[in-house]
Amino acid sequence: MSNSTDIVYLDYAASTPADPRVVDVMTPLFGADGDFANPSSGHVAGRRSRAHVERATGQLAELLGCREEELVWTSGATESDNLAIVGAARYRADRGRHLITMPTEHKAVADVSRLLEKKGFEVSWLRPDDTGVLDPTILEAAIRPDTQLVSIMHVNNETGVIQDIEALGAICRERDVLFHVDAAQSVGKLPLDLASMPVDLLSTTAHKVYGPKGIGALYISGRPGCRVEALIHGGGQQGGRRPGTLAVPLIAGFGEAARIARSEMQENHAHLRSQRERLWRGIRDLEGIVQNGSESHAFPGILNVSIEDVEGESLLLALEPLCVATGSACNSKSQEPSSVLRALGRSDMLAQSAIRFSFGRPTTPDEVDIAVERYRTAIARLRDIAPGRAA
Amino acid sequence: MSNSTDIVYLDYAASTPADPRVVDVMTPLFGADGDFANPSSGHVAGRRSRAHVERATGQLAELLGCREEELVWTSGATESDNLAIVGAARYRADRGRHLITMPTEHKAVADVSRLLEKKGFEVSWLRPDDTGVLDPTILEAAIRPDTQLVSIMHVNNETGVIQDIEALGAICRERDVLFHVDAAQSVGKLPLDLASMPVDLLSTTAHKVYGPKGIGALYISGRPGCRVEALIHGGGQQGGRRPGTLAVPLIAGFGEAARIARSEMQENHAHLRSQRERLWRGIRDLEGIVQNGSESHAFPGILNVSIEDVEGESLLLALEPLCVATGSACNSKSQEPSSVLRALGRSDMLAQSAIRFSFGRPTTPDEVDIAVERYRTAIARLRDIAPGRAA
Amino acid sequence: MTADPYSEQVRALFARPDHAGDLEKASARVHIEEQGVRISLAAQCDGDIIECLRFRAWGCPHLLAAAEAVCRSYEGQALTALQAFSAAEIMQTLPVPREKLGRILILEDAVRSLGRSARVSPDAGKDTD
Amino acid sequence: MTADPYSEQVRALFARPDHAGDLEKASARVHIEEQGVRISLAAQCDGDIIECLRFRAWGCPHLLAAAEAVCRSYEGQALTALQAFSAAEIMQTLPVPREKLGRILILEDAVRSLGRSARVSPDAGKDTD
Ligand SMILES: Cc1ncc(COP(=O)(O)O)c(C=O)c1O
Ligand SMILES: Cc1ncc(COP(=O)(O)O)c(C=O)c1O
């Protein structure tokens, strides 16, 4: 953040900056000196643009362990989630009108499922345990003969809880039900090998993994029966699955981000883990503090904590200029306690005090220490201002 | 185009390079030193990102002569067209299931209309005269009590023919029918003042007007009754009309592109006109050459010509490394003669030889002269190789 | 830096809540808990005149800022003047977004009730609600 | 530069169609018009041996390149050798995309027909089709 050395940014789950190497790949592609042509054009300039798209497709395919033709570029995970769920629901409408998902899903999945509910689909909303984890036997019991699709995210964007995609997917495959995974928070951060995983559809977005905003992808498995109806219709690009002029610089940037993520995954993971541990060590002794979400299934990039008897909005302001989130980024305008935390059984009081700290590659131990200090100071201050409860 | 001084690019209708000033606005926003935060985040960093979005919204609103809240950011004109047509059709389904459009529309409009046809809507495909222009009385006659929406583009992407949006829109308004305009080719190039024009929905995309690829907008008039159902559902961004993390650098780039286009529109228009005239002067004496599309309704950025007895694909290759288009950019892979030109009554033979030259701000008279020379040479060479017809 | 939900004034009041605290020898007190919000006010008077006004509050930044603003503006005034305190005014001056009117009305209740408690025992406010 | 629809070889043949043209004193000729494509071939022979082979064609770059390739490869061979010309082979060697097989088969027709026209009058090929 320019001109504000005071700002400490611990909101990498909301968005990450583009890696300098990603910026270097993208920047030359915008202007008149670069390969700016429409990659669908047949001429020399068009073919050059297409080469960037092809390279990037290869890079993302390598990261995900899939084939290039199994990837469709979209504008982000929101669109990918919509394309996966609406597209599969429409394509397989004959099979039945039952979907399975969870109340802890990102709004892109939850809202589109609710929409389908209104349009005559039946949706089973499976509840996690109070650490946020879904027991596979609950999924097993929920699948019916008319179940079309199961949609369960990999890493939860609020709590960082990791679901057991392998186990859940195996159940779906056994019962011949499509399995969609919103992996916006995990792609490039946790290993994925889609060729060997029981996943049919997987959503991702570049800006959570040091790529640019405005570009995402949907993996659509090439196995028979796994097809989606397009959401957007037009010029036939991407085999009609998602037309529109391909955004070459963004795609190239996402490709480079995928390449970097793949080659540096282990060290990044270790880095996140140590930052998360450092932060928790610094605040865990505070009275009434609790982690939201399972410790044993925790993605190390996210630490979500609630604390007793502190008002969340005042806490957030008192933490400034520390940049952290309350609920998910997109919810942060609303005053309602997070539905994700409520699904974990948190009281409204605890849920409303939740703060999501999320760490990134640029996070330093110093920044974590500043966060610890600001959090402790803010808690002390607000508790000091608050009156005791009436007897 | 780097490393190829030979390339002459006359395909600005397919895509334009980003203006250097646009690149300057975007570049600093990607990386860790820039305002990379999610603009939906409530914290300081999020508010900074939001400020870029707000500035850009103002800039595009000024260019279009509309209010900021009448704009929705999308991934491009393809998505805008889909959102406008499907969204309005769904929102007004009670009103009837009749749409009106033209066979000369861009595929984004034509394909989505054809899709709605399959889903039980009735579509009237109005034919232009043989210069590509639609007579408003034909529209007037086609409107029925159950007509929901009329979709007619401003500047045709293949021929450059300009439709009389004012007259067509006035008829729609009189009959209380929504009017959608695909203005991908005209925004920033022809004056638009939506506050005073009878247009309800208008699609645009940045990469045709020296902005980045992957960002577009849909204007949705604020007047009562003009609403669309969202295509994509999720985190509630943009009032739920089009959720997903806003692509701040792209939006800021589109804003800057809009600002530039507005302030330099007149001189750009004059520049295009003189390039187009120069090219036509250089080739109009060739035997059997014809312009496709009305001269009197021509947008000066596009010159589309057919020529007798020359094979189009060989012509295109013989012109290399001159970068021009056959049909529309997205059609260039298909071998079929353009449906747009067929709607103008061109024979298959003439239609298949069509070349679209399109000019841009960077186009120089020298480049036009090279194009003239390459075109003349290619025509001479191919005619020389061709055998006479059997008697 | 647009679209900041907090005005300069709210930020300043929230950042320096000099009047947060309690008064050992309060002439009047009030404590309200409602809709999750908690407010305590304490006044120390010299005759009719408020010498010191202190608050404690649990709530959003606007509520805390409004409580601080009240304390700042009524010191030196008559305790009975508190009865004229109006939520509407402070909603405008800070300003406070409309959707938070409810909690500012709770503050109004507390302030007016403190004004009415003139010359009663220090604990009088407690059962206002 | 990936996804180029034209191979190096097709580009080279298209760019230098040295055998495009006609022969005043052709020993054999053929002209075919079909599916919008037009092909003329002319051979000048010394006895059985093709001394000069020329083409004219109206069609896509692959067709023009294939015609040039044919002319280049059969000069110096027996005219009857043309009868063994196979579209399949040239589809592979240039290569030509599958969807263009139709027009290469028309070329095959023309080439074979020229081979069959050995020792007939210069106009003989004209009504092959
Ligand atoms: C008239 C018209 N409409 C729509 C589009 C689609 O725009 P985009 O590819 O940016 O989605 C284009 C360009 O391809 C166009 O020329
Ligand atoms: C789990 C999850 N899914 C989907 C999204 C939506 O991604 P985007 O805003 O890039 O469309 C996000 C982030 O906002 C996310 O965290």
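Chain identifiers are assigned alphabetically (A, B, ...) following the order of the sequence lines, protein sequences preceding nucleic acid strands; residue numbering begins at 1 within each chain.
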When A:T74, A:V22, A:T245, A:D81 are compared by non-hydrogen pairs under 4.5 Å with chain B, the top option: A:T245
Chain A contact via B:V23 - side chain, backbone, both or neither, heavy atoms under 4.5 Å: side chain
Segment of B:T16 engaging chain A (4.5 angstrom heavy-atom cut-off): backbone
Segment of B:P20 engaging chain A (4.5 angstrom heavy-atom cut-off): neither
Interface moiety of A:V109 toward chain B, non-hydrogen atoms closer than 4.5 Å: neither
Selection from B:S15, B:G360, B:P212 maximising heavy-atom pairs under 4.5 Å formed with chain A: B:S15
Short side-chain to backbone donor-acceptor contact, B:K213 and A:F36, under 3.5 Å: yes
Straight-line distance of B:R47 CZ to A:C323 SG, nearest 0.5 Å: 8.5 Å
Toward chain A, the part of B:V324 with a non-hydrogen atom under 4.5 Å: backbone
A:P243 portion near chain B, given a 4.5 angstrom heavy-atom threshold: both
Residue among A:A230, A:G240, A:G214, A:A108 with most heavy-atom pairs under 4.5 Å to chain B: A:A108
Closest heavy-atom pair and its distance - B:N82, A:L231: OD1-O, 4.2 Å
Contact origin within B:R114 toward chain A - heavy atom pairs under 4.5 Å: neither
Audit row: B:L250, A:L250, side chain to side chain contact (heavy atoms under 4.5 Å, CB included) steps and yes/no: CA-CA 10 Å; B:L250 306 185; A:L250 306 185; 3.3 Å; yes
Segment of B:I251 engaging chain A (4.5 angstrom heavy-atom cut-off): neither
Evaluation steps, salt bridge (charged side-chain N to carboxylate O under 4.0 Å, His left out), between A:K119 and B:E229: CA-CA 14 Å; A:K119 302 216 164 171; B:E229 202 181 294; 3.3 Å; yes
Spacing of CG belonging to A:L246 relative to NE2 belonging to B:H207, to within rounding of 0.5 Å: 10.0 Å
Max heavy-atom pair count under 4.5 Å with chain B, selected residue of A:L316, A:I232, A:I85, A:L83: A:I232
Least distance between heavy atoms, B:G234 atom then A:D111 atom: O-OD2, 2.7 Å
Nearest heavy atoms of B:P17 and A:G31, plus distance in Å: CB-C, 3.6 Å
Test side chain to side chain contact (heavy atoms under 4.5 Å, CB included) applied to A:S75 and B:R242, step by step: CA-CA 11 Å; A:S75 63; B:R242 207 299 195 166; 2.9 Å; yes
